[in-house]
2 protein chains.
Amino acid sequence: MPELIQPVKAQSVKEPIKEQPVKTKKQVVSEFRQAEIITAARKVFAEKGYIAATVDEIAALAALAKGTIYVYFESKEQIYNAVLENDLDTLRDLTLENIASAQTAREKIAAYVNTRFKYCEERRDFFRIMHIEPSGSPVLSKARARGWLVEPVRQLTSAIENAIAEKQIGHWPAETLAWTVVDLTSGALQRRLSATPTTTARQDADFLIKFINAALSSTAS
Amino acid sequence: MPELIQPVKAQSVKEPIKEQPVKTKKQVVSEFRQAEIITAARKVFAEKGYIAATVDEIAALAALAKGTIYVYFESKEQIYNAVLENDLDTLRDLTLENIASAQTAREKIAAYVNTRFKYCEERRDFFRIMHIEPSGSPVLSKARARGWLVEPVRQLTSAIENAIAEKQIGHWPAETLAWTVVDLTSGALQRRLSATPTTTARQDADFLIKFINAALSSTAS
DNA sequence: TTGTTTATTGACTGCTCAGTCATTTTTGCA
DNA sequence: TGCAAAAATGACTGAGCAGTCAATAAACAA
């Protein structure tokens, strides 16, 4: 009877002397399987949404029996969490890094837009889940998804506030403006995801950045 | 065994002489029940999404037995269609009217934003369904929802093109700009729907309009 | 190779839910 | 008031699906 392997579990008592930080073979295999399952699940969830996706379908796509899935995950919900947690963390870190390393408020905004567009191109299925998931899904409510945006928005807001103080841009309500950047970006991405786009991602991103910059130069009357 | 009453059905052969356009009592009652069911269904769908909503729940909220629901509608999907069709048509007509009666491109854009905000305040549940529904739902795919926007966007696009030709606004790609107005609006509305907003709808709408106008005055470099 | 442990399997269970239909209740007419 | 037609009902059916587990296969050690 195989147990669920915890990703970062302390070494068991059976092997008290061996290297602690090194993964056991068991763990390596386990992580490999989990990754396989997550990959399959990401595709299925992106296509069907959480509720309509079935574990049988995920298992079929991963070329595993359903029972095997439940060796590595406790529930459908946990699979879903694993799928998102991973990409969500990466995306947030990437976004924050890129915002941080940009200098001016304008550049930080551009960094936000560009990071999202780039990551969206790379991980279409992940973005599809993000932008498509209904409120009823137990895990990623729209509200919770927004939570992941709070930190980037905070960064943008304070950069905008500084820029206003230094008269680099017009006098706008900073936080609302930051959320507007977010809305603009996800709107454009959503549009790219739902139809086959006639423009390149670069073109779309550049347009947005230009558009925002144009507005920034003016002042809220 | 009561039959499904078709909303706009030609008079049956039984009553060949009577007034054709006047509704029979049967029809009036039927429409009343349908409206009751639609109202209940709108609330449930808005809360749960199409898949998670159950017909039993809709019936309970409408204070009817499930069987009664199926006297007036053929399927869960048909209920869903009826819920949306209704509001979707109204919203589109309202939007187009208001755009048409505005003069300049700027005013037309403001008309679009204001109409959406106003209707959203009035019909929260409807907007919740619109903005929340997953791709897997059989009826309102994001793509199809976007279809309802095509006509308004067309109107805005041509207004923008004219305004550019007459140098009232900067030189922007007209259709992309129109879609941007749409994105901005639905983004802001979605934000209002998912958290209790700290600002009034008027404030949000005014901000958007000012923001767009500020950008319009410039030119895409 | 054989025996033991570990991983995999898929048939099975219990539950939820859309849709049905025989029965009961209401309506409206004589 | 009594009676027939229409409307409403809710117990029931069948399908689909998350999660289980006894049986089987693979991996590995001696």
Side-chain angles (χ1 to χ4, degrees), chain A residues 1-6 9 12 14-15 23-37 40-41 44-45 47-83 136-139, chain B residues 1-6 9 12 14-15 23-37 40-41 44-45 47-83 136-139:
Chain A
M1 54 212 89
E3 295 164 21
L4 219 57
I5 291 100
Q6 300 302 325
K9 196 181 185 178
S12 80
K14 289 180 186 172
E15 301 282 356
K23 288 165 186 166
T24 62
K25 183 191 277 174
K26 194 176 175 181
Q27 272 186 326
V28 172
V29 171
S30 167
E31 274 169 29
F32 175 73
R33 276 269 181 277
Q34 285 185 326
E36 278 186 320
I37 294 166
V44 176
F45 284 133
E47 228 164 77
K48 306 284 181 79
Y50 177 76
I51 299 175
T54 70
V55 175
D56 281 295
E57 207 174 347
I58 294 170
L61 191 61
L64 293 169
K66 180 152 66 164
T68 311
I69 302 278
Y70 282 93
V71 172
Y72 295 97
F73 292 93
E74 271 167 359
S75 64
K76 180 180 170 184
E77 188 172 329
Q78 205 189 72
I79 302 171
Y80 188 75
N81 273 323
V83 166
S137 103
V139 205
Chain B
M1 56 213 87
E3 294 164 22
L4 219 57
I5 290 98
Q6 299 303 325
K9 196 179 185 178
S12 79
K14 289 180 187 171
E15 301 283 356
K23 290 164 187 168
T24 63
K25 182 191 277 176
K26 193 177 175 181
Q27 271 185 326
V28 172
V29 172
S30 167
E31 274 169 29
F32 175 73
R33 276 269 180 276
Q34 284 185 326
E36 277 186 321
I37 293 166
V44 176
F45 284 133
E47 228 165 75
K48 306 284 181 80
Y50 177 77
I51 299 176
T54 70
V55 175
D56 282 295
E57 207 174 347
I58 295 169
L61 192 61
L64 293 170
K66 180 152 65 164
T68 311
I69 302 278
Y70 282 93
V71 172
Y72 295 97
F73 292 94
E74 271 166 1
S75 64
K76 182 181 169 185
E77 188 172 330
Q78 204 187 76
I79 302 171
Y80 188 75
N81 274 323
V83 167
S137 105
V139 207

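Bear in mind the structure is a predicted one, so any value in this text is a computation, not a measurement.
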Task: Candidates dT9(D), dT8(C), dA18(D) - which lies nearest the side chain of V55(A) - done: dA18(D)
Task: Listed nucleotide nearest any side-chain atom of T68(A), set dG10(C), dA18(C), dT8(C) - done: dT8(C)
- [ ] Grab the CD-C1' distance between E57(A) and dG10(C) for me, whole Å please.
- [x] 17 Å
Open item on the list: Rounded to whole Å, how long is the line connecting atom CD1 of I79(B) with atom C1' of dA18(C)?
Closed with: 10 Å
- [ ] Measure the shortest side-chain to side-chain distance between R33(A) and V71(A) over non-hydrogen atoms and say whether it is less than 4.5 angstrom.
- [x] no
Task: Residue pair E36(B) / F32(B), side-chain heavy-atom distance below 4.5 Å - done: yes
Task: Within 45° cone of Y50(B) ring axis and under 6.0 Å: K76(B) NZ or CZ - done: yes
- [ ] Hey, could you give me the OH/CD1 distance between Y72(A) and I79(A), rounded to the nearest 0.5 Å?
- [x] 13.0 Å
Task: side-chain N/O Y72(B) vs dA8(D) OP1/OP2, d < 4.0 Å - done: yes
Task: 5' precedence on DNA chain D between T54(A) and K66(B) (nearest-nucleotide basis) - done: K66(B)
- [ ] Among dT9(C), dG19(C), dT8(C), find the nucleotide with the atom closest to the side chain of A65(A).
- [x] dT9(C)
Open item on the list: Without decimals, in angstroms, what is the distance between Y50(A) OH and dC17(D) P?
Closed with: 14 Å
TODO: Provide, to the nearest angstrom, the distance between the CG atom belonging to D56(B) and the P atom belonging to dC12(D).
DONE: 15 Å
Open item on the list: Would you compute the distance between atom CD1 of I37(A) and atom CD1 of I58(A) and round it to the nearest 0.5 angstrom?
Closed with: 9.0 Å
- [ ] Would you indicate what A53(B) reaches in the nucleic acid, counting non-hydrogen atoms under 4.0 angstrom: base, sugar-phosphate, or nothing?
- [x] sugar-phosphate
TODO: Nearest whole angstrom, please: distance from the C1' of dA18(D) to the CD of Q78(A).
DONE: 14 Å
- [ ] Send over the distance from Y70(A) OH to dT9(C) P, rounded to a whole Å.
- [x] 15 Å
- [ ] Please report, rounded to the nearest Å, how far the P atom of dT9(C) is from the CD1 atom of I37(A).
- [x] 10 Å
TODO: To the nearest Å, give me how far apart CD (E77(B)) and C1' (dG19(C)) are.
DONE: 14 Å
